[in-house]
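Only a predicted model underlies this, so the values are computations on that prediction, with no experimental measurement involved. All values below were derived from every heavy atom in this structure, side-chain atoms included, with hydrogens, water molecules and symmetry-related copies excluded.
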Amino acid sequence: MSFPLLTATAVLPAVGAIATAAVPAKQRTAAKWLALLVSVGTLVLAAVVAIRFDPGGGRYQLTESHAWIADFGVRYELGVDGIGVALVALTALLIPFVILAGWHDADPQETGSTRWRPTQGFFALILLVEAMVIISFEATDVFLFYIFFEAMLIPMYFLIGGFGDRAGPHGEKEAATQRSYAAVKFLLYNLVGGLIMLAAVIGLYVVAGNFSLQEIAAARANGSLDMATNTERWLFLGFFFAFAVKAPLWPLHTWLPNAMGEATTPVAVLITAVVDKVGTFAMLRFCLQLFPEASKWATPVILVLALISIIYGALLAVGQRDIKRLVAYASISHFGFIIMGIFAMTSQGQSGATLYMVNHGISTAALMLVAGFLISRRGSRLIADYGGVQKVAPVLAGTFLIGGLATLSLPGLAPFVSEFLVLVGTFTRYPVIGIIATFGIVLAALYTLVLYQRTMTGPVKPSTEGITDLRVRELAVVVPLIAVLIFLGVYPKPLTELVNPAVKHTMSDVQKKDPKPEVEAAHK
């Protein structure tokens with residue numbers, strides 16, 4: 001039997017989480033190094049998965065299948081297509097930087113907190129989230145996916161509520177209340193979505209008789225499983241609702257600004273760059289593959305909701321006074337682009353959406369982490385408390401600018417390619433939606449450049465005179481992310497070659513072909 005590589009990529013961080021939590025209380029530094037080494041080991045395994053994956057081979061590769069709960073048709077089934085490989089690699093890439101960025105976030109003496117915040121627990125929870133996210137990208141059994149889709153809420157709840165941001169505009173008591181509110185709101189929103197999805201999962205089993213994604217999709221394709229129209233639509237809505245909450249899609253988005261604002265910066269990155277990608281990934285893997293007709297039926301409404309997310313999120317980002325909440329609303333706008341690309345039902349749109357998931361994860365991580373380093377120096381998230389930072393910390397300001405330019409999809413940086421493909425893919429089938437969505441780019445330029453201008457340029461404020469430039473550890477976090485943004489912006493071919501075959505399979509699932517361009521006949 002071949003080595004279970006996919007299982008290993010999820011088991012290693014899970015075992016690492018247990019080992020990190022078991023490190024003696026006084027050995028906080030040892031716990032940090034253990035967590036970092038485990039995350040690097042997981043990255044190595046993810047790299048092996050990417051190397052062994054053949055884009056020209058079968059749809060799902062490196063598959064594993066074992067009986068689990070035989071009486072209910074539940075199996076432990078794993079497999080990855082190009083989209084899954086890309087997102088497993090993204091998760092494994094970001095977690096070491098999240099750990100490095102949060103090196104002192106759970107140290108009582110570093111934060112000045114009077115209450116005990118176990119360092120071991122903080123890093124163990126991060127590794128546990130990594131394990132659950134990775135197996136969610138690998139699961140091809142619907143019930144197995146559902147378990148980890150829901151289970152990841154628990155460690156995230158404790159990361160938000162138990163290890164919240166200390167730089168907010170509140171006192172210690174009020175900050176604790178705000179953290180608790182944000183954590184509970186995050187949990188309740190996602191639990192409601194998960195419960196509705198559970199009903200849909202049970203309904204799918206009643207109709208199909210098993211939970212295997214590949215078997216159900218094959219039965220749908222060959223006609224041996226014929227769902228009634230209304231049944232398929234209700235099941236689709238149950239799945240999509242849960243994924244739209246996780247993504248998040250307007251109007252189910254309101255938990256995200258609270259969660260990102262009150263969480264520590266590395267945990268905020270974990271939320272928007274890693275965990276939320278499970279929602280958009282699941283739309284591609286489960287909604288379109290299991291319910292192709294219902295997906296096409298719901299497309300007009302979903303595109304309108306995605307368009308609202310793009311414009312609404314960008315407009316609210318323009319008006320924010322809090323740096324972290326600005327990035328949160330910008331992410332809502334970006335997730336609108338991703339969902340729009342998925343449901344444009346074109347190969348360009350879906351390829352762009354997949355690339356957007358990866359590129360948004362890297363660009364948001366870079367911007368948010370640099371912003372977190374800035375906030376930790378001044379102790380404030382308010383934009384008005386900064387000014388002239390580029391004169392006292394030029395490297396910090398420069399990296400902040402590159403992260404911001406990536407967020408507004410500047411040509412030459414990775415997000416440009418994905419946003420361009422999404423807009424082209426949408427315009428070819430839904431030109432009005434595509435034209436309106438381009439205003440999101442204009443608004444992105446506005447909120448990004450205004451943020452940079454207000455914080456980094458102008459005269460040095462007395463409150464920012466003592467801000468120091470990036471340290472070695474912080475450079476080790478930011479520089480590799482910027483290098484990846486530039487590399488994928490100039491040479492996106494490795495990613496496009498990886499995901500395009502998977503996109504072709506998805507287009508085949510929904511029986512859609514790209515619209516032919518209309519060319520007017522030349523008049524002599």
Count the heavy atoms belonging to other residues, nucleotides or ligands that lie under 6.0 Å from NZ of K185, then report whether that count exceeds 12.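 More than 12 within 6.0 Å, yes.
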Tell me whether the count of non-hydrogen atoms from other residues, nucleotides or ligands lying under 6.0 Å of CH2 in W234 goes above 12. no
Counting only N and O atoms by type, is there a donor-acceptor contact under 3.5 Å from the side chain of [X] to the main-chain atoms of [Y]?
{"X": "Q61", "Y": "D54", "answer": "yes"}
{"X": "R52", "Y": "L62", "answer": "no"}
{"X": "Y146", "Y": "G194", "answer": "yes"}
{"X": "R325", "Y": "G261", "answer": "no"}
{"X": "Q350", "Y": "T506", "answer": "no"}
{"X": "W250", "Y": "I332", "answer": "no"}
{"X": "K246", "Y": "G193", "answer": "no"}
{"X": "T426", "Y": "V422", "answer": "yes"}

Once you round to the nearest 0.5 Å, how far does [atom1] of [X] lie from [atom2] of [Y]?
{"X": "Q348", "Y": "L423", "atom1": "CD", "atom2": "CG", "result": "12.0 Å"}
{"X": "F335", "Y": "I339", "atom1": "CZ", "atom2": "CD1", "result": "8.0 Å"}
{"X": "I362", "Y": "L485", "atom1": "CD1", "atom2": "CG", "result": "6.0 Å"}
{"X": "I154", "Y": "L187", "atom1": "CD1", "atom2": "CG", "result": "5.5 Å"}
{"X": "Y329", "Y": "H334", "atom1": "OH", "atom2": "NE2", "result": "15.0 Å"}
{"X": "L5", "Y": "E64", "atom1": "CG", "atom2": "CD", "result": "8.0 Å"}

Are [X] and [Y] an aromatic pair by the rule of ring centers under 6.0 Å?
{"X": "H360", "Y": "F337", "value": "no"}
{"X": "Y205", "Y": "F211", "value": "yes"}
{"X": "F149", "Y": "F243", "value": "yes"}

Of the non-hydrogen atoms in [X] and [Y], which two are nearest, and what is the gap between them?
{"X": "S331", "Y": "T272", "value": "OG-OG1, 3.2 Å"}
{"X": "S295", "Y": "C287", "value": "OG-O, 3.0 Å"}
{"X": "I196", "Y": "G238", "value": "CG2-CA, 3.8 Å"}
{"X": "I95", "Y": "S39", "value": "CG2-CB, 3.9 Å"}
{"X": "G404", "Y": "L367", "value": "N-CD1, 3.8 Å"}
{"X": "P13", "Y": "T42", "value": "CD-OG1, 3.5 Å"}

Begin with the C-alpha distance, continue with both residues' side-chain angles, and end with the deciding distance and a verdict on side chain to side chain contact (heavy atoms under 4.5 Å, CB included) for T229 and W297. CA-CA 10 Å; T229 300; W297 163 75; over 6 Å; no
Is there a side-chain contact between [X] and [Y], using heavy atoms and a 4.5 Å cut-off?
{"X": "Q289", "Y": "R59", "result": "yes"}
{"X": "V133", "Y": "V278", "result": "yes"}
{"X": "L481", "Y": "L94", "result": "yes"}
{"X": "F148", "Y": "I134", "result": "no"}
{"X": "F286", "Y": "V201", "result": "no"}
{"X": "F240", "Y": "M283", "result": "yes"}
{"X": "M156", "Y": "V267", "result": "yes"}
{"X": "L213", "Y": "R285", "result": "yes"}

Short side-chain donor-acceptor distance under 3.5 Å, T346 and T428: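 No, no side-chain donor-acceptor pair sits under 3.5 Å.
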Does L87 form a side chain to side chain contact (heavy atoms under 4.5 Å, CB included) with V358? I'd like the steps, not just the answer. CA-CA 7 Å; L87 293 173; V358 177; 4.2 Å; yes
Determine, step by step, whether F239 and F145 satisfy the ring-ring contact (aromatic ring centres under 6.0 Å, His included) criterion, reporting the C-alpha distance in whole Å, the side-chain angles of both residues, the deciding distance to 0.1 Å, and the verdict. CA-CA 12 Å; F239 277 77; F145 169 84; 8.3 Å; no
L204 vs M227, test: side chain to side chain contact (heavy atoms under 4.5 Å, CB included). Steps then yes/no. CA-CA 10 Å; L204 180 66; M227 291 187 193; 3.6 Å; yes
side-chain hydrogen bond (donor to acceptor under 3.5 Å, both in side chains) for Y76 and T7? Distances and angles first, verdict last. CA-CA 10 Å; Y76 176 81; T7 294; 2.7 Å; yes
Using the rule given for side-chain hydrogen bond (donor to acceptor under 3.5 Å, both in side chains), can you reason through Y447 versus T407, listing the C-alpha separation, both sets of side-chain angles and the distance that settles it, and then say yes or no? CA-CA 10 Å; Y447 63 68; T407 299; over 6 Å; no
Does the side chain to side chain contact (heavy atoms under 4.5 Å, CB included) test come out yes or no for V142 and L290, once each step is laid out? CA-CA 10 Å; V142 177; L290 293 175; 4.1 Å; yes
Using 30° and 60° as the class limits, which term best fits the ring planes of F281 and F137: parallel, tilted or perpendicular? perpendicular
